[in-house]
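Notes follow the structure.
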2 protein chains.
Amino acid sequence: MNDEICRNISLTSLRRLPSYLRYLKTQRDNGIDYLSSIIIAQAMELSPMVVKKDLSIAIKVEGKPKLGYHVDSLIKDIEMFLGYDNKKDAVLVGVGSLGKALLSYEGFKNYGLNIIVGFDKEVNEPAILDKKILSIDKFSNLTKRMNIHIGIITTNKEAAQEIANMMVEAGIKAIWNWAPVKLSVPEDIVVKNEDLAASLAVLSNSLSDHQIGGSI
Amino acid sequence: MNDEICRNISLTSLRRLPSYLRYLKTQRDNGIDYLSSIIIAQAMELSPMVVKKDLSIAIKVEGKPKLGYHVDSLIKDIEMFLGYDNKKDAVLVGVGSLGKALLSYEGFKNYGLNIIVGFDKEVNEPAILDKKILSIDKFSNLTKRMNIHIGIITTNKEAAQEIANMMVEAGIKAIWNWAPVKLSVPEDIVVKNEDLAASLAVLSNSLSDHQIGGSI
DNA sequence: ATTTACTTGTGAAATTATTGACAAGTGTTA
DNA sequence: TAACACTTGTCAATAATTTCACAAGTAAAT
């Protein structure tokens, strides 16, 4: 599709990059300077070839024969590729239990995501930790003014589509959807569905008679 | 790998089944009796071939030419395949923000999962909604006694491995891991990692220059 | 300084998954 | 009752992904 400079990174490779990153950081903190694909593969329970392939596609840094990859450079490269270097601001709509959890989840800042503020129809609390909760009326105005392009939907399924429409209107380009519905959006808008039911299906299936092959 | 009676259902197919289920249920509630693969595919934004393939693998019910699939039978079959028919009990460890969210998430019961109780090192609240919170000391005893086989880990990453060990010792067979670490477990134990970072990577990547092709 | 052993990176092969084509069969209509 | 239109289900073809094999190159050892 887009065959210019950018290499063709597969979805499966892309999903593995964050776990490489986690592993590399722990090793760096242990004082390790170089890591080979073989060592990384062992730790991640993958084949070395998968690791080499993933890194060769996503990364510019070249590994040194006999030594492996320079850990620091590798981390920087992966972070740059994933866009973790420039913090991305996001807004969240639906401050129920799930919304609160995401608002208070500390881990996102490690991944370059910064949830600025939460919105809801009725504001019961002024803030979750340091994140303010605002009325949904203020969504469009604030989002446009702050030039935010990522929206997180943690409403119930009934409200989700309406919120999505509002987000699109307000200039949101990527939606992380936690509501169990299929959203209809213009095709230039990216939607990533976090489908808890699908995850459960995989787990549940593993416990029944007809397992799928391989690991999950 | 396991080429006996059980058909080889792919991971991608398996993940789509819950969304079929959601769609089918809404249509059933609208009074629809039969649905063809073409209609389903349109609603899910898939090709009819994918739908037919998925259903033919997972389902015993045969579609009727000219009519399509009998919605009620299809729902029953998918639910049976996914194991939603017999409710599965689970326990959760780590009652932080994420743990609370999962404990209070109403949606799981639709998918056959029933989180019985939450455990934590220190019990600050006696319960979340109707779910009791207990001290981790009582984990092994209660889990064994109630014969529970699914464990959910929502602790921080430091505690996760230790909790996983404890779960295995207590007879847990499937672990839904929300902590950002790779767990080491015996190979007969199923681990499903819910990697928020990986999800974010996909979303984040879509906003940058080097997009992957296709939809997410 | 030279050899050795080991690791990267690339292009090709094998495996797996997705998509397409078509025969078989059923409800509908005339 | 017979012809038609439409949908399923399977087999074949295409596309994608994973795995293999090997040349090239470098740190370490001699």
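Chain A is the first sequence line, chain B the second, and so forth, proteins listed ahead of strands; every chain is numbered from 1.
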How does protein contact run along nucleotides 25-30 of chain D, one letter per nucleotide 5' to 3', with B for base contact, S for sugar-phosphate only, - for none, heavy atoms under 4.0 Å? BBB---
Does a side chain donor of either A:N165 or A:Q161 reach within less than 3.5 Å of an acceptor in the other side chain?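 A:Q161 and A:N165 do have a side-chain donor-acceptor pair below 3.5 Å.
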Which angle, to the nearest 10 degrees, lies between the helix axes at the two ends of the helix from C:dA1-D:dT30 to C:dA30-D:dT1, each defined by five pairs?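 The angle, to the nearest 10 degrees, is 10°.
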Between [N] ([atom2]) and [X] ([atom1]): distance, integer Å:
{"X": "A:L55", "N": "C:dT8", "atom1": "CG", "atom2": "P", "value": "9 Å"}
{"X": "A:L14", "N": "D:dT17", "atom1": "CG", "atom2": "C1'", "value": "15 Å"}
{"X": "A:R15", "N": "D:dT18", "atom1": "CZ", "atom2": "P", "value": "10 Å"}
{"X": "A:I57", "N": "D:dA16", "atom1": "CD1", "atom2": "C1'", "value": "12 Å"}
{"X": "A:L11", "N": "D:dA15", "atom1": "CG", "atom2": "C1'", "value": "16 Å"}
{"X": "B:H70", "N": "C:dT26", "atom1": "NE2", "atom2": "P", "value": "17 Å"}
{"X": "B:D54", "N": "D:dT10", "atom1": "CG", "atom2": "P", "value": "14 Å"}

Sort and list the pairs that fulfil salt bridge (charged side-chain N to carboxylate O under 4.0 Å, His left out) and have at least one residue in residues 18-43 of chain A, not counting sequence neighbours.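 Every pair satisfying salt bridge (charged side-chain N to carboxylate O under 4.0 Å, His left out) with a residue in residues 18-43 of chain A: A:R22-B:D195, A:K25-A:E79.
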With respect to the phosphate group of C:dT18, does any side-chain polar atom (N or O) of B:T12 fall under 4.0 Å of OP1 or OP2?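 Yes.
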Test ring pair (Phe, Tyr, Trp, His ring centres under 6.0 Å) applied to B:Y69 - qualifying residues, sequence neighbours left out: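 Residues passing ring pair (Phe, Tyr, Trp, His ring centres under 6.0 Å) with B:Y69: none at all.
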Checking B:Y20 now: which residues fulfil ring pair (Phe, Tyr, Trp, His ring centres under 6.0 Å) with it, not counting sequence neighbours?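 Per chain and number, B:Y20 pairs via ring pair (Phe, Tyr, Trp, His ring centres under 6.0 Å) with no residue.
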Where at least one partner belongs to residues 147-184 of chain A, residue pairs that pass ring pair (Phe, Tyr, Trp, His ring centres under 6.0 Å), sequence neighbours excluded: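 Counting only pairs at least two positions apart or across chains, the ring pair (Phe, Tyr, Trp, His ring centres under 6.0 Å) contacts touching residues 147-184 of chain A are A:F108-A:W176, A:W176-A:W178.
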For [X], give me all partners under side chain to side chain donor-acceptor pair (under 3.5 Å), at least two apart in sequence or on another chain.
{"X": "B:T12", "result": "B:S10"}
{"X": "B:N114", "result": "B:D89"}
{"X": "B:K109", "result": "B:E106"}
{"X": "B:N156", "result": "none"}

For residues 96-104 of chain B, which side-chain donor-acceptor pairs fall under 3.5 Å, sequence neighbours excluded?
{"unit_1": "B:S97", "atom_1": "OG", "unit_2": "A:S104", "atom_2": "OG", "d": "3.3"}
{"unit_1": "B:K100", "atom_1": "NZ", "unit_2": "B:E125", "atom_2": "OE2", "d": "3.0"}
{"unit_1": "B:S104", "atom_1": "OG", "unit_2": "A:S97", "atom_2": "OG", "d": "3.3"}
{"unit_1": "B:S104", "atom_1": "OG", "unit_2": "B:K100", "atom_2": "O", "d": "2.8"}
{"unit_1": "B:S104", "atom_1": "OG", "unit_2": "B:A101", "atom_2": "O", "d": "3.3"}

A side-chain contact here means heavy atoms from C-beta on lying under 4.5 Å apart; do B:M167 and B:V93 qualify?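 B:M167 reaches B:V93 side chain to side chain.
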What parts of residues 30-53 of chain A reach DNA chain C, counting only heavy atoms under 4.0 Å away?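 Those residues whose heavy atoms fall under 4.0 Å from DNA chain C, taken from residues 30-53 of chain A in numerical order, are A:S36, A:S37, A:I38, A:M49, A:K52, A:K53.
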